[in-house]
Every structure is written in C-alpha cells, then in structure tokens.
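Okay, so here's the structure we're looking at.
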Amino acid sequence: MSACSADSGDPDGGGGGAAKPKQNVACPPVDQAAIDKNATFTWMYSVANTSFDPDKVTTSNSWMYLYPVYDTLIQMDANGEPRPMLAKEWKIGDSGKSLTLTLIDNWKYHDGAPFDAASVKANIDRHRADKSFNKQALSDVTGVEVVDKATVKISTKQGAAPLVGILASSAGMMMSPKVFDDPGQARMPTGGSGAFKVTAYEPATKVEYTPVPGYWDPKAVNVAKMVFLISSNDNARLNATITGTADVTFLRSSMYQPAKDAKLVVCQKPSLASFTIALNVKKAPFDKKEVRQALNYAINREAVNELQGGFCQPGVQMFPADYYAADPSLSPEAYKYDPGKARELLAKAGVKDGLSFTLETNNLDAYTKVAELIQANLQEVGIKMTIRPVELPKLIEGFSVNKSVDAIMVQQKADADPSIQVAAYYLPDGFSNPGGYSNPTITDLATKAKAAETREQSASIYKQLFRTAHEDAAQPVTLCHLNTPMAMNDKVMGLQIFVDGSRQFRGIAIKK
C-alpha cells in the first residue's frame with residue numbers, strides 16, 4: 001500500500017460546493033523542537049472495548065485499546081510493512097515451516113516479571129488455547145520451543161510466513177504470565193508490556209493511559225497522558241474535536257465537509273477494508289460463474305463511491321490493487337459497469353428473467369443505503385433483490401453458522417495476514433464461504449503462499465491467486481475499498497493512518 005503522501009493542489013478538489021476528498025492527504029509530521037512533553041493527547045472513538053485481555057476480546061475493534069498496553073512481537077507499520085518490536089529480528093526456516101524470533105534485551109513486564117523466551121512461549125501457548133480469541137489465527141502452529149533465553153522457535157503445519165503479520169495483532173501481544181489467571185486483567189491490566197499503563201477506566205466512557213518509566217523505545221512516547229473518549233454519536237465526536245475536548249476523531253463521509261468548514265486538519269489514505277457481498281454458492285444460480293460475473297458487471301461501483309462521499313474507491317478484488325498481495329492489473333475496469341453485458345451473461349447462464357434472492361446486511365443507514373443502490377442496479381438487469389436489515393450478530397449467524405442466507409453485505413475489515421481472509425472466502429471450509437465454493441488452483445496457491453519463505457515470494461503467488469479468482473468470478477463480490485479519514489486540531493503531530501484500519505498512536509505528539 002502506498003504511503004500517506006499529500007496530493008498536490010487543493011485538498012478540497014478546487015471550486016465551490018462540497019469538498020471532494022482525495023485518496024491520500026498526509027498527516028502532519030512530528031517537529032521534535034515543538035513537542036510538549038507534558039501534554040495530554042485525547043482521541044475520541046465510537047465503540048468501547050470488550051476487554052483489556054488480548055485473549056478475552058471479542059472483536060478486533062478492541063485492539064486499539066490494547067496497543068498502548070501490550071507490545072506485539074512484530075509490528076506492522078502504517079503501510080503494512082513488518083518492523084521489529086519485542087522481536088528485534090526473525091528468520092523463516094525449515095523450508096518455510098518455522099519462524100525463529102530473537103527478542104529484545106533487558107525489558108520487563110509492568111508487574112516486574114522478566115520478558116524472555118519462556119514468557120513468549122507461555123503467551124503463544126495461551127493464545128492457541130481453547131476459548132482464546134486468537135486460537136483461529138494461530139491454528140497452523142504445531143509447537144513453540146525455547147531455544148535460549150532470547151530465542152523462540154515457532155513450528156507450523158503449512159507455513160510460517162503468515163505469522164509475521166499475525167504476531168503483529170492480538171495473537172502477538174505479550175502479557176506477564178504472572179497474571180494469566182487473574183480475571184481482573186480484563187478490566188484493569190497490570191501485566192502489560194507496552195509503553196503505557198491504564199490508570200483510569202470508565203466502561204463505555206473513557207480510558208486514561210500514562211507512560212511506563214524507562215520504556216525500551218523512548219521515541220514512541222511524546223506525551224504525559226493519553227485519553228480515549230467514547231461516543232457513538234458522530235456529531236458529538238466531531239463537535240468535541242472542534243471545541244477542543246478531543247484532539248482527534250475519525251470521520252464518516254457525512255462529517256467531512258463540516259470538519260473542513262470548522263478548519264480542522266483532515267488527512268486520509270486508502271485502507272484494506274471494503275464493502276463486500278458474500279454469496280452462498282449452494283444457492284442456485286450463484287453456483288454458475290456467468291451469474292456471478294453478471295452481478296459484478298451490473299453493479300455501479302463508482303455510484304457506491306459517490307454515495308460514500310468519495311471515501312470508497314472502486315475495486316474488484318479482495319484487496320486494493322496496490323497492496324502487496326493483490327494483482328495490480330485488476331483495476332476497477334476489470335468489471336466496468338455494463339448492464340448490457342450483465343444481461344448477456346444471465347442469458348448465457350439460462351437465467352433470462354425471474355432471478356430473485358435476499359440480501360441481509362447490517363441495519364445501520366450506511367449499509368442499507370448501499371444495499372438500496374445495489375438493489376436498483378440489479379433491478380435494471382432483471383434481478384430482484386430483497387433487502388433484509390439485521391443486527392450484526394444475526395447477520396453472521398444466518399450466513400456463516402446456519403448457512404441459510406442467500407447473500408450478505410458487510411464492511412470486510414483487514415485480517416492480520418492475507419491468508420486468513422483468503423481461507424475465509426475461498427477455501428471450501430471457510431467461515432465466510434457457507435456454500436463451500438472451491439477452486440483447486442486457488443486452494444493450491446493458498447497453500448503455497450502460506451509456505452513461502454519471503455514476502456516477495458508470497459506476493460507473487462497471491463497475484464496468481466487473485467487473477468484465478470477473478471477469472472472464475474469467485475465469491476465474494478468486492479464493491480470498493482474504504483478510505484480512513486481523520487480530523488484533528490492543528491496541535492497534533494505524528495498521527496499515522498494504518499492501512500489495516502487499526503488505530504495506533506505510537507509516537508503521537510502535541511505542539512507546545
């Protein structure tokens with residue numbers, strides 16, 4: 001994914017009327033001479049955390065609250081590139097089946113327990129255990145070996161390369177083994193490994209963090225306190241940022257123009273999240289390639305982008321074309337809006353008229369409005385789509401668990417490694433593939449990508465995989481890739497926008 005570099009010219013796109021957001025607008029960098037080390041940084045978000053224990057969270061949205069407290073073994077930087085963290089270096093060996101980590105020296109958990117290879121093994125074994133949120137992400141791990149005090153070797157069944165990304169998520173967060181069995185860690189953690197401790201917590205309202213003395217990476221800490229405020233009301237979040245109650249919040253498309261009018265600093269970049277329609281291919285006629293192709297040609301992706309205020313860049317594959325694991329040749333033109341082509345493909349499949357199905361989606365306006373646009377597109381080519389808004393838990397239950405739903409539309413967030421999302425949608429037993437879609441070439445390429453010893457090798461294999469998926473019109477139908485816009489006051493420096501959509505504030509600073 002490209003860096004968050006500023007576009008030339010007017011970020012509003014010139015002219016009058018509503019602002020026209022661009023894909024990349026840089027966030028202000030850090031000016032070391034201007035940092036106020038005594039400042040408080042305040043971020044405002046829409047959803048509370050579910051736990052402060054990396055194994056007890058129930059959604060990746062909670063990771064944001066954990067990153068200050070728990071360092072990960074490996075860090076994915078803002079552009080999705082792996083960087084050292086608690087592991088200062090790593091090596092893939094045994095023909096791609098093992099990952100050996102060399103750990104940093106002289107670091108302790110917040111409760112004084114030593115950070116060493118034994119504690120890393122204990123954490124990974126805990127993450128792999130039943131009822132852990134991280135069990136699925138680490139399901140390929142067969143064992144963890146303590147080589148010496150500063151070295152850990154992780155063995156896998158299929159391939160260790162995905163672990164580089166996975167260990168940058170909650171599956172790689174390190175907690176003091178002394179507190180593993182303390183249920184109080186879910187509410188007030190004391191055994192962290194990161195740059196901050198939680199010093200105050202009001203559930204669903206506020207979290208306060210203060211720096212850990214002597215943190216191993218002092219450049220990551222530029223403030224005296226961080227405060228995370230929580231409000232599900234978009235107007236309240238924006239008004240708090242405008243008035244100074246908060247320093248930063250994220251924007252939905254409807255908030256962009258008011259943020260610009262209020263003279264807030266707005267920066268953004270594309271993310272790996274997308275609007276996606278998943279199909280149950282056991283439900284005829286989704287089992288026919290021509291029908292799946294027809295759906296793709298019938299959808300006006302640029303209209304979806306316009307509906308999202310320019311914050312959802314049209315795309316036809318699982319990841320944006322400039323992501324390392326995507327096929328750069330698969331531009332939106334690969335499924336250019338063409339109702340006539342869609343009708344031809346339906347006729348070729350023997351579906352001239354009368355095709356109808358039900359699409360379930362989240363019962364929020366942001367989803368139902370997109371669904372209504374898709375409904376109109378499909379009606380134009382003779383397909384009747386009924387929209388059924390439901391709550392998110394029921395959405396997943398009906399499609400992935402009960403396997404009774406024709407199709408669902410979701411905002412697909414990025415996983416810790418491409419292999420996880422590929423397995424979910426493309427492999428016969430994938431969680432998001434209730435119809436058991438299967439293509440032997442894709443299955444073979446997915447296995448080879450996991451076994452690749454370098455990122456470059458896996459990238460080459462994934463390009464072949466996504467080209468094959470396109471040629472077979474594999475489910476899901478990708479609509480567009482979401483931008484991640486942030487609004488802040490002019491005192492904020494060093495904010496990074498991460499392509500995986502995670503909210504991390506390492507190195508954040510406030511001007512004097």
Side-chain angles (χ1 to χ4, degrees), residues 1 60 63 72-76 80-82 90 92-99 101 124 127-128 132-142 154-172 271-274 276 278 317-321 323-327 330 400 412-433 436-470 472 474-476 478 481 498-502:
M1 182 64 68
S60 59
W63 293 356
T72 50
L73 291 168
I74 296 171
Q75 182 187 35
M76 285 293 177
E81 296 292 331
W90 57 87
I92 295 176
D94 296 323
S95 299
K97 297 292 183 69
S98 70
L99 178 68
L101 305 168
I124 296 176
H127 291 325
R128 296 168 58 208
S132 169
F133 176 81
N134 303 295
K135 180 181 178 181
Q136 181 60 42
L138 294 170
S139 61
D140 196 44
V141 173
T142 58
I154 307 172
S155 299
T156 65
K157 289 179 289 188
Q158 292 184 297
L163 288 176
V164 174
I166 290 168
L167 294 178
S169 70
S170 58
S271 76
L272 302 182
S274 61
T276 295
Q317 58 182 319
M318 189 173 283
F319 301 110
Y323 182 54
Y324 88 94
D327 182 348
L330 290 177
S400 294
Q412 174 63 53
K413 299 192 185 316
D415 284 296
D417 183 81
S419 64
I420 299 175
Q421 210 158 310
V422 164
Y425 283 103
Y426 292 150
L427 299 190
D429 59 351
F431 184 73
S432 299
N433 183 18
Y437 169 83
S438 179
N439 180 307
T441 301
I442 292 177
T443 301
D444 180 59
L445 290 169
T447 300
K448 290 179 178 177
K450 290 187 73 171
E453 296 192 32
T454 67
R455 192 176 174 91
E456 292 72 23
Q457 289 173 354
S458 65
S460 176
I461 297 167
Y462 278 124
K463 286 177 175 62
Q464 298 176 57
L465 187 153
F466 286 116
R467 168 55 60 180
T468 303
H470 176 75
D472 198 32
Q475 78 96 24
T478 299
H481 299 284
F498 286 73
V499 296
D500 64 0
S502 63

Could you report the tightest heavy-atom contact between Pro476 and Thr276, atom names first, then the distance?
CB-CG2, 3.2 Å
I'd like to check Thr72 versus Leu167 (side-chain heavy atoms, cut-off strictly below 4.5 Å). Are they in contact?
no
Are the side chains of Trp63 and Ser502 in touch, meaning some heavy atoms are under 4.5 Å apart?
no
Using every non-hydrogen atom in the two residues, find where Leu330 and Arg467 come nearest and quote the distance to one decimal.
CD2-NH2, 3.3 Å
So, does Ser132 use its side chain to make a donor-acceptor pair with the main chain of Asn134 at under 3.5 Å?
yes
Check Pro320 against Leu272 and note the closest heavy-atom contact, atom names and distance.
CD-CD2, 3.8 Å
Do Met76 and Phe498 make a side-chain contact, defined as non-hydrogen atoms from C-beta onward lying under 4.5 Å apart?
no
In short, Val164 meets Pro82 closest at the heavy-atom pair CG1-CB, 3.6 Å
Give every residue pair that meets the side chain to side chain donor-acceptor pair (under 3.5 Å) criterion with at least one member in residues 449-465, sequence neighbours excluded.
Gln158-Lys450
Measure from the side-chain N and O atoms of Thr156 to the backbone N and O of Ser98, and report whether any donor-acceptor pair falls under 3.5 Å.
no
Residue pair Thr443 / Pro428: nearest heavy atoms and the distance that separates them
OG1-CD, 4.4 Å
Cut-off 3.5 Å, no hydrogens considered: what does the side-chain donor-acceptor table look like for residues 419-426, sequence neighbours left out?
unit_1: Ser419; atom_1: OG; unit_2: Asp417; atom_2: OD2; d: 2.7
unit_1: Tyr425; atom_1: OH; unit_2: Gln412; atom_2: OE1; d: 2.6

Would you say the side-chain atoms of Gln317 pair up with the backbone N or O of Ala326, donor to acceptor, closer than 3.5 Å?
no
Is it true that a side-chain atom of Ser169 and a backbone atom of Gly165 form a donor plus acceptor pair closer than 3.5 Å?
no
Using the rule side-chain contact (heavy atoms from CB on, under 4.5 Å), only one of Leu73, Leu163, Leu101 pairs with Trp90; which is it?
Leu101
Nearest non-hydrogen partners of Ile166 and Ala137, listed with the distance
CD1-O, 3.2 Å
I want to check something: taking the side chain as every heavy atom from C-beta on, are Lys413 and Asp500 in contact at a cut-off of under 4.5 Å?
no
Would you confirm whether Ser400, through its side chain, and Phe431, through its main-chain N or O, come within 3.5 Å as a donor-acceptor pair?
yes
